[in-house]
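Numbered from 1 within each chain, the chains take letters A, B, ... in sequence-line order.
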Amino acid sequence: MRLNEEELRKLTLIAINELGEKASPELVKKVISKTVDKMGESQDFIKPQSDMTSGRIILTAFGLNKSGVVASITSALSQFNCDIRDLSQKIMDEFFTMIMIVDISNSPKDFREIQEDMSKIAGEMNIKIFLQHEDIFRSMHRI
Amino acid sequence: MPYEFEEILETIKMTEIEHFDIRTVTLGISLRDCVDRNLSISKQKVYEKILKYGKNHVKFAKDVEAAYGISIANKRVSITPLSIPFDMLKAEEFVELAIVLDKAAEEIGVDYLAGYSALVPKGFTNGERELIKSIPYALSSTKRVCSSVNVASTKAGINMDAINMMADAIKKTAELTKDQDSIGCAKLVVFANAVEDNPFVAGAFHGVTEPEVVLNVGISGPGVVLDAIKEAGNVDLSNLSEVIKKTIFKITRAGELMGRSVAEKHGIPFGIVDISLAPTPAEGDSIGDILKAMGVEDVGAPGTTAALAMLNDAVKKAGLMASSSVGGMSGAFIPVSEDQAMIDAVERGNLTLEKLEAMTAVCSVGLDMIAIPGDTPASTIAGIIADESAIGVINDKTTAVRIIPAYGKKIGDTVDYGGLLGKAPIMYVRELNSMGFVGRGGKIPAPMRSLTN
């Protein structure tokens, strides 16, 4: 285990505080190895944190209309335990557009995984699907 | 539905069709605690510190890109101006440190690391003199390190000795990197009134008033503004200004959100949004095209400066409304090589160095990415820098010169770097002599404006 200077300094201070006058090579070794073990356990790695503030995403899909487009998207979403909060769909001539607000906070899958699955569906159905976090719409269009 | 159909489609159009992206998320790191009497320990400390804060920078930025569907073109790092913590080093030692910086940048996966810098408007310390001497060697022996030197400020005046040193450094850098079209000069900026929180490389550095570590974001989006102006059609100028403001407002909000998200992932403070419109050589991502859409026939036509001034002002007003953390340069950039419409205007003979100089008086930065003949004397380059510094100092704004005296090239040639740096036709420079003026050396005293108290 490699320690940087800051950590070494901390270790020294701990040893001085604990032992003071009593310090001997053996005691110092004992205190240091105990502290180093403790440090190993609570390694301050950066914890994965969610960048979802609302837990909602906006899904936009469009392309040539064909049967099963909506079904393939919604069934995939329901498999992932995503909750569709709002949906608006229009068909103009042979084109369809669909915008959905989806709550993914209860989904076992994270944003990126859902995005990957949706891009698979987009490939199969030959349509475009965009997934974006709701925050971006809120910050751009609401004051 | 809480959002209108049009609002959602507009956002998709911006990100998918109009090249709206975030130009850079720049991680500023203080190196002030990395000094040691022993140079090899200093080098190790610098390397470790950059790795400690920067190792996840690219990953975090990519996560945020995916979450918002908006791409972040560049992930970069800025550091404390190197001459400040390492004032005791000699020129050769600075070069050794530059190589360490290059290695650290490569290790964390960023394309540029900026802050090989000195701040000398009022005079030099020994270390600053050594650093400036070392610049050509540092830039020619590294790939990712960028350098900048602040030679003038409204408060202190213009340091002509520093300008002369920088003109020599630019010439030498061009020579040492002649095999790659003098690319070293594309990584070297001479500033007046440099800002401490600029996220845009090559001129970025982590100023001395900045915290330990900070994340700044630079937005982009000329393509979005261009489309909005085209859509607006034939409206008068006040209405056109409104159109630009509305667009910039949205871009700034998105930029701040993304910058804050990256900072949150790092667990570090968010600094500023720089609302500069920054072009890229990509089709439609051009400031020159915006000016043309506003109505001038080509960049350089009479009216260009006024159009640019209006654009720049609208950008600032909208940005200030959209965010409380506006900083950096925050204007419009007019680099030649990085903007296809500007390149075309130079090639057609419509845009000259003098017109560009006038344009820099009303927008951010200055003579940026301009290639000139390789045999241009250093005193002429010093004259150009002095002119640009004067514009900055008198108008209390940042100006900069990033000029490339391309070694062995003449009018009619071009330098081509590919990628974001683009290509630049060699521009004509007047062959009149400036030596009698710049050769006097010394300082141009601080202007009236410096006495504001």
Need one label for [X]: side chain, backbone, both or neither, based on atoms under 4.5 Å from any heavy atom in chain B.
{"X": "A:Ile58", "value": "side chain"}
{"X": "A:Arg142", "value": "both"}
{"X": "A:Phe130", "value": "side chain"}

[atom1] of [X]: more than 12 outside heavy atoms within 6.0 angstrom?
{"X": "A:Asn126", "atom1": "CG", "value": "no"}
{"X": "B:Lys103", "atom1": "NZ", "value": "no"}
{"X": "B:Met321", "atom1": "CE", "value": "no"}

In Å and rounded to the nearest 0.5 Å, what is the [atom1] to [atom2] distance from [X] to [Y]?
{"X": "A:Thr97", "Y": "B:Leu9", "atom1": "OG1", "atom2": "CG", "value": "7.0 Å"}
{"X": "B:Met258", "Y": "A:Ser139", "atom1": "CE", "atom2": "OG", "value": "10.0 Å"}
{"X": "A:Glu134", "Y": "B:Ile8", "atom1": "CD", "atom2": "CD1", "value": "9.0 Å"}

TODO: Hey, can you tell me if A:His133 and B:Tyr68 have their rings parallel, tilted or perpendicular (30° and 60° cut-offs)?
DONE: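 The arrangement is perpendicular - the two ring planes meet at more than 60°.
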Task: Within-4.5 Å side-chain heavy-atom neighbours: A:Met140 and B:Glu7 - done: no
Open item on the list: Could you tell me if the side chain of B:Tyr3 sits less than 4.5 Å from the side chain of A:Ile99, heavy atoms only?
Closed with: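 Contact flag for A:Ile99/B:Tyr3 side chains = no.
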Task: chain B contacts, top residue of A:Arg85, A:Lys128, A:Lys90 (heavy-atom pairs, under 4.5 Å) - done: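 So the answer, after comparing A:Arg85, A:Lys128, A:Lys90, is A:Lys90.
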TODO: Go through the steps for A:His141 and B:Thr11 under the test side-chain hydrogen bond (donor to acceptor under 3.5 Å, both in side chains), then give the verdict.
DONE: CA-CA 9 Å; A:His141 300 289; B:Thr11 309; 2.8 Å; yes
Task: Nearest non-hydrogen partners of A:Phe111 and B:Ala66, listed with the distance - done: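 The answer is CE2-O, 2.9 Å.
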Task: Sorted by number, residues from residues 246-257 of chain B in contact with chain A (heavy atoms, under 4.5 Å) - done: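 The stretch touches chain A at B:Phe249, B:Lys250, B:Arg253, B:Ala254, B:Leu257.
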Open item on the list: Closer than 3.5 angstrom, by distance alone: can the side chain of A:Gln132 be matched with the main-chain N or O of B:Ala67 as a donor-acceptor pair?
Closed with: no
